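Working notes, structure below.
All of these numbers come straight from a predicted model, not from anything done at the bench.
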Amino acid sequence: MELFAVPDLPEIRAGHDLAALIRDAVDLREDDVVCVASTVVSKAEGRSADLDDFPAGPRAREIAARLADHTGEEKDPRFAQAVLEESVEVLMEAPFLLTETRFGHVGVNAGIDRSNTAGGDLLLLPKRPSESAARIRSGLSADRVVVTDTCGRPFRHGQRGVAIGWAGLAPGRDWRGERDRDGRELDVTVENVADELAAAANLVAGEGDGGTPVVVVRDFEWGDHGESDAHFREVETDFVRQAIREWSYE
Ligand code: GDP
Ligand code: MN
Ligand code: MN
Ligand code: MN
């Protein structure tokens with residue numbers, strides 16, 4: 001398997017046809033997985049915004065005040081308002097704002113970025129990243145697309161790439177029913193391939209001014225395994241999320 005960044009992509013602006021730009025910059029093969037940083041998907045979809053677009057309501061002012069208490073830093077209530085408007089559930093208000101976005105991804109600040117923001121104060125995540133992936137895919141000769149974002153994960157330091165949207169592949173590779181080297185049947189392992197590809201692509205893309213938001217994964221083979229459509233956990237079986245809920249409302 002090989003990964004490489006697509007060279008010479010311009011600064012992406014609202015209305016840009018990402019698929020056309022990628023197509024012109026690289027010779028794709030059918031089985032390539034094209035991993036696209038959400039930042040440029042958002043820019044192309046005009047998701048850049050200003051703090052002034054989000055006049056703060058009472059809840060946002062309360063959250064900003066609580067955040068400021070915890071961190072000792074002034075927090076802009078308009079930013080809290082932007083996060084609330086992008087979210088369907090607030091899991092934690094402080095010491096950081098952890099929410100579920102409208103498309104099911106749980107992350108800090110609803111994934112709203114304050115770096116590489118296309119001139120605005122803020123860059124919101126794409127509204128429906130899997131639909132974005134499907135649109136990009138339909139304009140490419142490759143048939144697998146993953147939209148990535150850089151995210152912290154609980155229990156570990158640092159950030160990494162995760163998949164927030166996908167098209168043309170299932171996120172999970174299902175090993176259940178297969179056997180380990182001692183002949184024991186695997187009964188729980190569904191490998192999240194979309195996240196693994198996103199992490200690898202993110203490693204190549206970098207986080208700063210490198211200008212390499214699109215990474216091609218070539219010769220990744222799924223192998224003879226089942227598929228799983230599951231990616232974001234449903235609340236009913238997300239025990240960590242349930243525990244956070246109980247703890248934060250005590
Ligand atoms: P995120 O992980 O989706 O939040 O994206 P990042 O802000 O970490 O950016 C990932 C990569 O894309 C970095 O190499 C950035 O320099 C690059 N990048 C961001 N915006 C643009 C753009 O408009 N054009 C190009 N060519 N590269 C960009
Ligand atoms: Mn960013
Ligand atoms: Mn981001
Ligand atoms: Mn990043």
Side-chain angles (χ1 to χ4, degrees), residues 3-6 9 12-23 25-26 28 31-49 86-87 99-113 115-118 122-153 159-173 192-207 210-218 220 227-233:
L3 289 93
F4 58 92
V6 173
L9 291 170
I12 304 302
R13 278 189 258 285
H16 265 161
D17 181 346
L18 271 181
L21 290 168
I22 295 167
R23 225 171 39 219
V26 64
L28 291 171
D31 284 338
D32 288 346
V33 187
V34 178
C35 299
V36 188
S38 53
T39 290
V40 290
V41 177
S42 293
K43 285 178 179 175
E45 294 179 358
R47 298 281 285 160
S48 128
E86 288 295 297
S87 304
T99 74
E100 178 182 354
T101 65
R102 295 182 177 282
F103 61 89
H105 167 64
V106 173
V108 174
N109 295 333
I112 298 176
D113 249 321
S115 62
N116 287 326
T117 61
L122 311 173
L123 189 63
L124 314 180
L125 284 180
K127 268 209 170 91
R128 301 245 160 236
S130 285
E131 288 175 19
S132 309
R135 273 196 299 277
I136 294 167
R137 174 179 178 241
S138 72
L140 295 178
S141 49
D143 58 15
R144 306 190 281 188
V145 173
V146 174
V147 175
T148 70
D149 194 21
T150 307
C151 261
R153 298 282 80 193
Q159 290 81 39
R160 75 221 67 234
V162 299
I164 62 167
W166 56 93
L169 77 171
R173 181 156 72 173
N192 195 318
V193 168
D195 271 350
E196 291 179 318
L197 293 169
N202 199 71
L203 197 57
V204 175
E207 304 296 343
T212 46
V214 181
V215 172
V216 175
V217 182
R218 180 156 291 169
F220 164 67
E227 296 183 349
S228 162
D229 286 332
H231 184 68
F232 301 122
R233 270 188 194 282

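Glu207 and Asn116 share no side-chain donor-acceptor pair at under 3.5 Å. Checking Glu86 against Thr99 by side-chain atom types alone, no donor-acceptor pair falls below 3.5 Å.
The two residues Ala142 and Leu28 make their nearest non-hydrogen contact at CB-CD1, 4.1 Å. Minimum interatomic distance between Ala198 and Val146 (heavy atoms only, all atoms of both residues): CB-CG1, 4.4 Å. Taking both residues in full, the closest heavy atoms of Thr148 and Cys35 are given as CG2-CB, 4.2 Å, listed atom of the first, atom of the second, then distance. The two residues Arg153 and Val106 come nearest to each other via the heavy atoms NH2-O, 3.5 Å. The two residues Ala170 and Ser228 have their closest heavy-atom pair at CB-O, 3.6 Å.
A donor-acceptor contact shorter than 3.5 Å links the side chain of Thr212 to the backbone of Ala205. No donor-acceptor pair closer than 3.5 Å links the side chain of Asn109 to the backbone N or O of Ile112. Of the possible polar contacts, none joining the Ser38 side chain to the Leu125 backbone as a donor-acceptor pair under 3.5 Å is found. Of the possible polar contacts, none joining the His231 side chain to the Ile164 backbone as a donor-acceptor pair under 3.5 Å is found.
Looking only at side-chain heavy atoms (C-beta outward), Leu18 and Leu9 stay at 4.5 Å or farther from each other. Counting heavy atoms from C-beta outward, Ile136 and Val34 have side chains that stay 4.5 Å or more apart. A 4.5 Å side-chain heavy-atom check between Ser132 and Val41 finds at least one atom pair inside the cut-off. A heavy-atom distance below 4.5 Å is found between the side chains of Ile22 and Leu140. Two residues are said to be in side-chain contact when any heavy atoms from C-beta on lie closer than 4.5 Å; Val217 and Asp32 fail this criterion. The side-chain heavy atoms of Val36 and Val40, taken from C-beta on, include a pair separated by under 4.5 Å. At least one side-chain heavy atom of Lys127 sits less than 4.5 Å from a side-chain heavy atom of Arg47. The shortest side-chain heavy-atom distance between His105 and Val162 falls under the 4.5 Å cut-off.
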Subject >> Worked check of side chain to side chain contact (heavy atoms under 4.5 Å, CB included) between Val216 and Val33 >> reply: CA-CA 6 Å; Val216 175; Val33 187; over 6 Å; no
Original post:
Run the side chain to side chain donor-acceptor pair (under 3.5 Å) check on Asn202 and Thr150 step by step: do they pass?
Top reply: CA-CA 7 Å; Asn202 199 71; Thr150 307; 2.9 Å; yes
Subject >> Derivation of the side chain to side chain contact (heavy atoms under 4.5 Å, CB included) call for Phe220 and Leu197 >> reply: CA-CA 9 Å; Phe220 164 67; Leu197 293 169; 4.2 Å; yes
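When the side chain to side chain contact (heavy atoms under 4.5 Å, CB included) test is applied to Arg23, the partners found at least two apart in sequence or on another chain are Ala20. In this view, Arg233 satisfies the salt bridge (Lys or Arg N to Asp or Glu O under 4.0 Å) rule with no residue, not counting sequence neighbours. Taking Ala133 as the reference, Val145, Val147, Ala167 meet the side chain to side chain contact (heavy atoms under 4.5 Å, CB included) condition, with sequence neighbours excluded. Taking Arg135 as the reference, Glu45 meet the salt bridge (Lys or Arg N to Asp or Glu O under 4.0 Å) condition, with sequence neighbours excluded. By the side chain to side chain contact (heavy atoms under 4.5 Å, CB included) test, Arg128 is found to be paired with Phe103, Glu131, residues two or more places apart in sequence or in another chain being considered.
A salt bridge (charged side-chain N to carboxylate O under 4.0 Å, His left out) check over residues 136-145, counting only residues at least two apart or in different chains, returns nothing.
To the nearest 0.5 angstrom, Thr101 atom OG1 is 11.5 Å from Leu124 atom CG. Distance check: Ser42 OG to Leu123 CG gives 4.5 Å after rounding to the nearest 0.5 Å. Distance check, rounded to the nearest 0.5 Å: CG of Asp195 to SG of Cys151 gives 9.0 Å.
Residue Arg13 qualifies as open at atom CZ: its count of foreign heavy atoms under 6.0 Å is 12 or below.
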